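Residues take their numbers from the sequence shown, with the count starting at 1. Remember, it's a predicted structure, so these values are computed and weren't measured experimentally. What's counted below: heavy atoms across the whole structure, side chains too, no hydrogens, waters or symmetry copies.
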Amino acid sequence: MISKKWCMLPSSNGESTVDSDFGEKEFQTQLLFNRGINSIQEGRAFIDADSSLAHDPMLLYDMERAVYRVKKAIDAKEIIGIFGDFDADGVTGTALLILALRALGARVVPYLPHRNSEGHDLNIEAVKKLNQKGVSLLITVDCGATAVNEINIASNLNIDTIVTDHHTMDTAVPEAFAVINPRHPSSTYPFNGLTGVGMAYKLIEALHKHMQLKTPVHLMELVAIGTVADVGMLKGENRYMVKKGLHFINTTQNLGIRTLAEIAKLNLGSLDTEGLSFGLIPRINVAGRLDHAYTSLRLLISNNREEAKELASILERKNLERRKLTDAAFKEAQRQVGAEERVNGVPSIIFVASENWLPGVLGLIASKLADYYHRPAIAIALGNEQSRGSARSIPEFDMIHALQKNEDVFERFGGHPEAAGFTIPTEHLHLLQNRMRHIADRHLFGKELTPKLFLECEISPVKLSGTNLAFLMSLEPFGEGNPKPVFLARKALVVDAMKVGAEKQHIKMKVKHGGQIWDAISFRTAYKFDSNCMVYDL
C-alpha cells in the first residue's frame, strides 16, 4: 500500500467573511472555507441543509412531458414497467417508484436485470418480456441514457419510455417519450449531482406537485441510501435529501429497512452515513452481486414481517459469502500485479483478470486495487467469447473519458469519471489493454501518483469539545465532497499501544496531548508497529 502524503489545506487568511455566529471563529471559519463556503449566508444554508437547497423538479428537461405521461397511465390503468439497475442506487430508486406509484393507484411491474446473464442497462430481451406482460409505459431508473437501440425497439412495440438517469450521456440522445437527466445536453437544472434514486424521487415530487398532492417526503430515506451507495456528492440538493433521509431512516416505518438494520446490529435512532456505508448498503448491494437484486427489492417494499426476516437473513448470509469471495479474489489480483511490478514496476493503469471471478465482485476488486496502489484499475471476469469488466479510478484520471475513446471495442459500456463498467468481446481485451495503457501513460506522465490525506487544520484534541464539537456535528452528513474532518496534533505521545482486531491488524493506543490522555485507534496499520520502542510510524 502506498503511504499517504499529508497535506494541510490552505488557510482562509481572512478570505472568508463567515462571522462568529458559528462559535470559535478561526477554527470554524477554516472548516467552512475548506468546503468552499466563504459567507455567513452560505454557511447557514450548508449547516441547515434544508429545502432551500432543493430545486423545482419541473426545471428538469422533459419533466413536464414525463409527468403528463405517468398521470395518463395511472388514470387509464395502464401497466407501468419499471426497469432499474441492480446496484443499491437502482434498487432503491425502483423501490421508491413502486411504493409511490402504487400508493397513487398505479399498476406497476418491476424488472431488474441479472448481472451475470444480462448486465447493466436496458436490454432487448427485457423489453420483450415487459411487452408480453402488457406494459405500455416503461420508466428506467439509474440507466437508459445511452439505450438508443433498446428504446427504439420499445417504441416499435408501442411502449413509451421515460428515462430517469444521471449517467454521462452520448451525443446520441435516445428517442424516448422523455429523457430526465441533469446531464442532458439541453438541461439547465441548477444541480447535476443527483443520483439515480434522486432522479426517481424528483419524478415523484413533480407528479405529486402536478396532482396537487402532498409529496411523500419519507421516501427520502431510500434516496439517502442510494445516494450514499453511489458516492453522490454531499453538497447542494444531495446534502438536503441525505440529511432529511437519515432522519426518516432513524424513525423509519419501512419494514425492510428496520429488519435489515436489526440483523446488521445497527442502532436506528443514531444511524449516520458511515452506518449506511458499512451496514445497510453492502447488504442491499450483495443480492445483485452474487444472485439477483430482486431479493433486496422485495425486502425494501415488503409489508410482511416474516417475509422481511427471511429476506434479510438471506442478504446477511450472502454478505458473509461476498466478503470471502472478495478477499480471495483481491489476493489473486495482488499476485497478478506483483508479478508485473517485479518486471516493470507498478503500471500506470492496472489490469487484472480471471475466469473464476464473479462479475458481482469486480467493482470491489478494482476499488481495492485503486486504493492500494493509487492507480486506475480494471478487473475483468474472463469468458470464452464475452468478458465483463469493472473500472475504478483516482482523482488524476477520468475513467469514463478514457473508455469513450475506445467505444469501438465494447459491446456496451457506461459509468462516471470515477467508476465504470463494460461488456467486451474477449478477443478485444488485448487491444483495450494496450490502448488504455497508452492513454494512462500519456495522461499520468509526470504526475505525483501519491494518495493524499487532507488535514483541515492543526488543533489540540482539547479544543474538540463544547461549541466546536457541536459545530463538527452540524457538518454532518459526511461523505463525498464533505469528508469527515481530519486534524493534526503535534507532539502527541503514545503512552500505550496494543494490536487488536480479529487478525490483529489494527493498533489501539493511549495518546497523551495537552496534559490529557486520549484513546485512539489506527486501522489496518499493525505492520508498522514496533512494540519494543513504542515507535509508531503513522
Should the heavy atoms of other residues, nucleotides or ligands under 6.0 Å from [atom1] of [X] be counted, would the total exceed 12?
| X | atom1 | answer |
| --- | --- | --- |
| Lys243 | NZ | yes |
| Arg524 | CZ | no |
| Gln386 | CD | yes |

If only side-chain N and O atoms count, and only distance matters, is there a donor-acceptor pair under 3.5 Å linking [Y] with [X]?
| X | Y | value |
| --- | --- | --- |
| Ser136 | Glu78 | yes |
| His114 | Asn116 | no |
| Asn254 | Thr252 | no |
| Arg392 | Ser390 | yes |
| Arg375 | Ser393 | no |

Inset, instruction - Answer yes or no on whether Arg65 is positioned over the face of Phe177, meaning its NZ or CZ is under 6.0 Å from the six-membered ring centre and within 45° of the axis. - result: yes
Legend entry - Flag side-chain contact, heavy atom, 4.5 Å: Pro485 against Phe478: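 Side chain of Pro485 against side chain of Phe478, heavy atoms only: contact under 4.5 Å found.
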Inset, instruction - Determine whether Ile378 and Leu362 make a side-chain contact, defined as any pair of heavy atoms from C-beta on separated by less than 4.5 Å. - result: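 No. Closest side-chain heavy atoms not under 4.5 Å.
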Inset, instruction - Determine, using ring centers only, whether His120 and Phe413 are less than 6.0 Å apart. - result: no
Inset, instruction - On the 0 to 90° scale, with breaks at 30° and 60°, tag the His184-Tyr61 ring pair as parallel, tilted or perpendicular. - result: tilted
Inset, instruction - Can you tell me which residue pairs pass the salt bridge (charged side-chain N to carboxylate O under 4.0 Å, His left out) test with a partner in residues 195-214, sequence neighbours excluded? - result: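 Residue pairs with at least one partner in residues 195-214: Asp56-Lys209, Lys202-Glu205, Lys202-Glu237.
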Inset, instruction - Would you list the pairs meeting salt bridge (charged side-chain N to carboxylate O under 4.0 Å, His left out) in which at least one residue belongs to residues 288-300, sequence neighbours left out? - result: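 The answer is Arg298-Glu307.
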Inset, instruction - State plainly whether the residues Glu316 and Arg283 are in salt-bridge range, i.e. N to O under 4.0 Å. - result: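 Result for this pair is yes, salt bridge flagged.
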Inset, instruction - Step by step, work out the ring pair (Phe, Tyr, Trp, His ring centres under 6.0 Å) result for Tyr189 and His55. - result: CA-CA 8 Å; Tyr189 194 70; His55 305 288; 5.6 Å; yes
Legend entry - From OG1 (Thr94) to CG (Leu300), nearest 0.5 Å: 10.0 Å
